A.B. asks: 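Okay, here's the structure, questions in a sec.
None of these values were measured; they are calculated from a predicted model.
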Amino acid sequence: MPTSRRPDPGVHESDYRVPAALGTLAWTVALVVLLSMGDSLPETEHWWIGVCVTGILLGVFGFLYIPRLLRSRARAAERSAPRTGGDAADEA
């Protein structure tokens with residue numbers, strides 16, 4: 001016998017900058033470790049330094065862009081929300 005589908009859980013909004021900051025911090029730590037290895041880092045593994053720098057740059061971009069994205073989403077939600085209240089009484 002088929003069971004009825006449970007409703008989707010509500011969206012849990014949180015500060016999305018925290019994971020962006022933690023990821024950026026992790027890439028920064030990895031870069032420091034790689035740079036501290038100096039000459040003991042094999043020549044074939046130097047590309048990891050570029051990966052770490054790219055991760056840091058993308059993390060900083062995300063950290064700075066997230067507030068703008070959330071403001072844009074909030075404005076879009078306000079525009080699409082149905083208007084309620086005294087508007088109908090004013091028009092009558």
Side-chain angles (χ1 to χ4, degrees):
M1 177 158 87
T3 59
S4 62
R5 185 175 181 277
R6 291 190 291 171
D8 293 336
V11 176
H12 177 69
E13 293 292 331
S14 64
D15 190 0
Y16 298 109
R17 292 176 297 172
V18 173
L22 291 175
T24 304
L25 179 65
W27 282 116
T28 304
V29 168
L31 179 63
V32 169
V33 168
L34 289 173
L35 293 176
S36 69
M37 292 178 70
D39 291 335
S40 64
L41 182 66
E43 191 69 33
T44 59
E45 301 299 323
H46 280 196
W47 62 275
W48 278 107
I49 294 173
V51 171
C52 292
V53 170
T54 302
I56 292 168
L57 293 175
L58 288 173
V60 168
F61 171 76
F63 186 83
L64 297 174
Y65 182 72
I66 287 170
R68 179 180 175 187
L69 176 68
L70 293 177
R71 283 191 305 269
S72 174
R73 286 183 181 176
R75 283 192 304 268
E78 287 175 6
R79 284 192 304 264
S80 67
R83 295 186 178 193
T84 59
D87 292 346
D90 292 340
E91 293 175 4

A.B. asks: According to salt bridge (charged side-chain N to carboxylate O under 4.0 Å, His left out), does anything in residues 55-67 pair up with another residue at least two apart or in another chain? List the pairs.
C.D. replies: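 Counting only pairs at least two positions apart or across chains, no salt bridge (charged side-chain N to carboxylate O under 4.0 Å, His left out) contact touches residues 55-67.
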
A.B. asks: Going by salt bridge (charged side-chain N to carboxylate O under 4.0 Å, His left out), name the pairs with one or both residues in residues 15-27, residues two or more places apart or in two chains.
C.D. replies: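 Passing the test, one end in residues 15-27: D15-R17.
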
A.B. asks: Taking distance alone, no hydrogens or angles, what donor-acceptor pairs closer than 3.5 Å link side-chain atoms of residues 51-76 to residues at least two apart or in another chain?
C.D. replies:
{"residue": "T54", "atom": "OG1", "partner": "G50", "partner atom": "O", "Å": "2.8"}

A.B. asks: Please collect all side-chain hydrogen bond (donor to acceptor under 3.5 Å, both in side chains) contacts where either partner lies in residues 21-47, sequence neighbours excluded, each pair once.
C.D. replies: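 Only E45-W48 qualify under side-chain hydrogen bond (donor to acceptor under 3.5 Å, both in side chains).
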
A.B. asks: I'd like to know if M37 and I49 are part of one continuous hydrophobic network [Ile/Leu/Val/Met/Phe/Trp/Tyr, side-chain heavy atoms within less than 4.5 Å].
C.D. replies: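 Same hydrophobic cluster.
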
A.B. asks: Could you pull out all residues at least two apart from R5 that satisfy salt bridge (charged side-chain N to carboxylate O under 4.0 Å, His left out)?
C.D. replies: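 Counting only residues at least two positions away or on another chain, R5 forms a salt bridge (charged side-chain N to carboxylate O under 4.0 Å, His left out) with D8.
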
